[in-house]
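Have a look at the structure below before the remarks.
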Amino acid sequence: MTDPLHSLTLAHYLFTGAVLFVLGVIGFISRRNLIIMFLCTEMMFQGVAVTLVAFSRYHQNDTGQTFVIFLLTIAAAEAALALGLVVLLFRRRRTLDAQAWGEMKG
Amino acid sequence: MNMAEKIAGVWPEIALLLGAALCLLVGLARSVAIRRFTGWIAAASLLVAGWIVAAQVCNAGGVIGLTPYIKLAVVAVGLILLMVAAAVPVQLKMTRDIEAGREPFEPGLVIRGEFFAFFLFSLTGVMLTADASDLVWLFLALELTSLPTYVMVATSRDRVEAQESGVKYFFLGAMAAAVFLYGFALIYGATGQTSFSLIVDAANQQIAAQGRISPLLTTGIVLSLLGVAFKIAAVPMHFYAADVYQGATTAVTAFLAFVPKTAGFVALIALLGLLPDGYVPPAITWLLWIMAALTMTVGNVLGLMQSNVKRVLAYSSIAHSGYMLVGLLALHGSGDALGNGTAAILFYLVAYGLATIGAFAVLGSLQARGEEAETFDDISGLVRTHPVLAGVMLLSVLSLLGLPPMIGFLGKIYLFGSAIQHGFVGLVVIAVLNSAVSAVYYLRIASACFFGDSEGHTVSTPGISRPLAAGIAAVAALILGFAGGRLVSTARDAGGFPTGRNDVVTTPSQPPAATTASR
């Protein structure tokens, strides 16, 4: 019997990345808590990261993994910004519920 | 391109970054008099960046490619935006008290230095987008353009609407970034490369081997286009625009209407440039067709229903993105005077930017009940109290509408002409009908200014810089409308096609290019 880890193919990793990404999209659309929504965008980023690393391994070059490092840097910057904005809003509103934003209607 | 050449190309960006760092430092000074310098530092670093670009153009023999064109446009329009923005931090009602030490320090309110630093960071991002030759670079440049704007929206105004719209803008922006990033990952997966030239090579090989590019590459480009559509506020990523444009202070709104949009279109041009010459997969053609048609229709129809001038202008900016998407379809064009979509978009960006900024600057120059003017009531009868501002508003909306003497007219001729040459007649018919619809709300703004009854509660904002910026933008839109030949030919050079032949519009005795006229 073969080791199951050796039978993992590119498709498995791509599938994992796609699932993370799609779960992130669904969560972003359906959840109303600002922090959860932000975590969902982070999950989308991580789905992209898994995809990039898988392709990097598949193509036998390091470009994709380099891309991931930059991606993580930007994700960290966005996290800092998100928390700042959420705290700013929480101090005004005392809630993290996105539905409470009734001031403007599109 | 090796590292040394790459660094030599980004000296203008380095100048802006140094300026931004200096703004941050000076913004920490204890004395108000010193902090007031941050705006001038920002202006100086923009001028230095513009001078460096001009020197690079001279060294290259006077040829203005896409990259220098965008950089010069960013410098010129950036200076106007800076004049509009110069008053932003002062407007916060507590800022002066804090600066004078009468109120305790509140970081959210004292934003002078940071504001100008973010302003410069974002402009740097646009310039870097124009420099991009690699997916990683493009991603970082787009994020550098967007991240500062989120902060600018949220902190520019001491109102909960500004913070809410800032948070909304940020969340949707982060999601859009993830979408185009997934697209980039798929492009990398399909070709094994992130460098643009190597991706094009790989795509050409796929064409040679199979007669088409791989579905993975097509999917990647489609996702990237959808994600970048957020930056230009195109359908399906448009719905934040009205709320964010309304929530932000007027100067920041003017910034949003031009800067991320320019970065977005440059990125779109670069992404479509990944396709091999003369080959656009039907899926991408259809996507752009539908996006363009929906974007302009949604923008114009919803624009009709607004009572807030800022929201009207927000929907107008969505509609203009739709017009420019029409040009995107004609991207792989011949060198004909009217045939090149890239040149048409580059020209239209400047045309649209000047007119929109002019309109927003007029709004920013007026106050009603202690707030910036926003509604039709606020600008009603403007011609009796502020005749010059009313005139500027008229010129701006006429240019946005695309009436003949203005620059907007030339822009539309080029955009739609390039699309007709590529056989997108149906789309151009939709676009022209849309322009006709847009006349209703543009003329509503103009008639409110000229024929409405003044309620007398609208006064001008202190300071000369905003009315001046509005005037410069409108006059530039007018002059370039008459004498746009030079700018047109520059845009066509920048679009990548030699302008060897005599074209219809250029007349040799009319020199002013965008930069000289708008400074």
Side-chain angles (χ1 to χ4, degrees), chain A residues 10 14 17-18 21-22 24-25 28-29 34 37-38 40-56 58-61 63-64 66-71 73-75 77-82 84-93 96 98 100-106, chain B residues 107-108 134-137 139-140 142-144 146-148 150-151 153-155 159-161 163-195 198 216 238-244 246-247 302 308 311 314:
Chain A
L10 173 68
L14 291 188
F21 187 85
V22 173
V25 175
F28 185 83
I29 294 169
L34 287 176
M37 282 168 77
F38 178 69
C40 288
T41 63
E42 286 295 297
M43 196 145 82
M44 292 165 76
F45 272 93
Q46 299 319 315
V48 174
V50 171
T51 311
L52 275 171
V53 173
F55 277 132
S56 174
Y58 175 75
H59 288 297
Q60 301 286 319
N61 63 26
T63 326
T66 321
F67 203 153
V68 171
I69 307 254
F70 284 107
L71 191 159
T73 317
I74 292 287
E78 285 199 337
L81 194 49
L85 288 175
V86 167
V87 167
L88 188 68
L89 199 60
F90 182 73
R91 290 210 296 212
R92 295 295 281 265
R93 278 263 183 246
L96 287 177
W101 315 346
E103 302 281 324
M104 288 175 293
K105 286 277 176 280
Chain B
D134 191 287
L135 286 179
V136 184
W137 183 304
F139 162 63
L140 292 175
L142 283 174
E143 289 301 288
L144 183 58
S146 286
L147 288 182
Y150 306 141
V151 185
V153 171
T155 61
R159 285 180 62 176
V160 75
E161 287 95 331
Q163 292 162 4
E164 281 182 357
S165 60
V167 171
K168 184 184 249 182
Y169 187 42
F170 170 78
F171 276 82
L172 291 168
M175 196 197 71
V179 171
F180 74 70
L181 204 54
Y182 199 59
F184 287 4
L186 295 185
I187 294 175
Y188 169 67
T191 57
Q193 305 293 344
T194 55
S195 158
L198 295 176
L216 196 58
H238 66 285
F239 36 80
Y240 72 92
D243 288 352
V244 174
Q246 184 190 358
L302 292 181
N308 183 310
R311 289 183 83 89

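Proteins get letters first, then strands, A, B, ... in listed order; numbering begins at 1 in each. No experiment lies behind these values; they were computed from the predicted model shown.
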Is the shortest side-chain heavy-atom distance between F55(A) and L216(B) below 4.5 Å?
yes
Picking from T41(A), T73(A), V86(A), I74(A), which has the most non-hydrogen pairs under 4.5 angstrom with chain B?
I74(A)
So, for V48(A) and A178(B), which heavy atoms are closest and what is the spacing to 0.1 Å?
CG2-O, 3.9 Å
Checking T191(B) against chain A: side chain, backbone, both or neither under 4.5 Å from a heavy atom?
backbone
In terms of heavy-atom contacts, G192(B) and N61(A) come closest through O-ND2, 2.8 Å
Minimum-distance pair of heavy atoms, taken over all atoms of T51(A) and A185(B):
CG2-CB, 4.3 Å
Is it the side chain or the backbone of L71(A) that comes within 4.5 Å of chain B heavy atoms, both, or neither?
both
Heavy-atom pairs under 4.5 Å with chain B are the metric here; pick the option from V25(A), L85(A), L14(A) that has the most.
L85(A)
For F21(A) and V179(B), work out which heavy atoms get closest and say how close.
CZ-CA, 3.9 Å
Which portion of A75(A) sits near chain B, non-hydrogen atoms under 4.5 angstrom
neither
Side chains of V136(B) and T66(A): does their closest heavy-atom pair fall under 4.5 Å?
no
Hey, what's the ring geometry for F38(A) with F171(B), parallel, tilted or perpendicular (30° and 60° as the breaks)?
perpendicular
What is the distance from atom CZ of F70(A) to atom CG of L181(B), rounded to the nearest 0.5 Å?
13.0 Å
Between Y188(B) and chain A, with a heavy-atom cut-off of 4.5 Å, which part of the residue counts as in contact: side chain, backbone, both or neither?
both
Start with the C-alpha distance between E143(B) and E78(A), add both sets of side-chain angles, then the distance that settles side chain to side chain contact (heavy atoms under 4.5 Å, CB included), and finish with yes or no.
CA-CA 9 Å; E143(B) 289 301 288; E78(A) 285 199 337; 2.8 Å; yes
Report which part of I187(B) has an atom under 4.5 Å of a heavy atom belonging to chain A: side chain, backbone, both, or neither.
neither
Interchain contact, Y182(B) with chain A, by part (heavy-atom threshold 4.5 Å):
both
Out of L198(B), T194(B), D134(B), L135(B), which one pairs with T63(A) under the side-chain contact (heavy atoms from CB on, under 4.5 Å) rule?
T194(B)
Supply the atom-to-atom distance K168(B) NZ to L34(A) CG, rounded to the nearest 0.5 angstrom.
11.5 Å
Nearest heavy-atom approach of F45(A) to A177(B) is CZ-CB, 4.1 Å
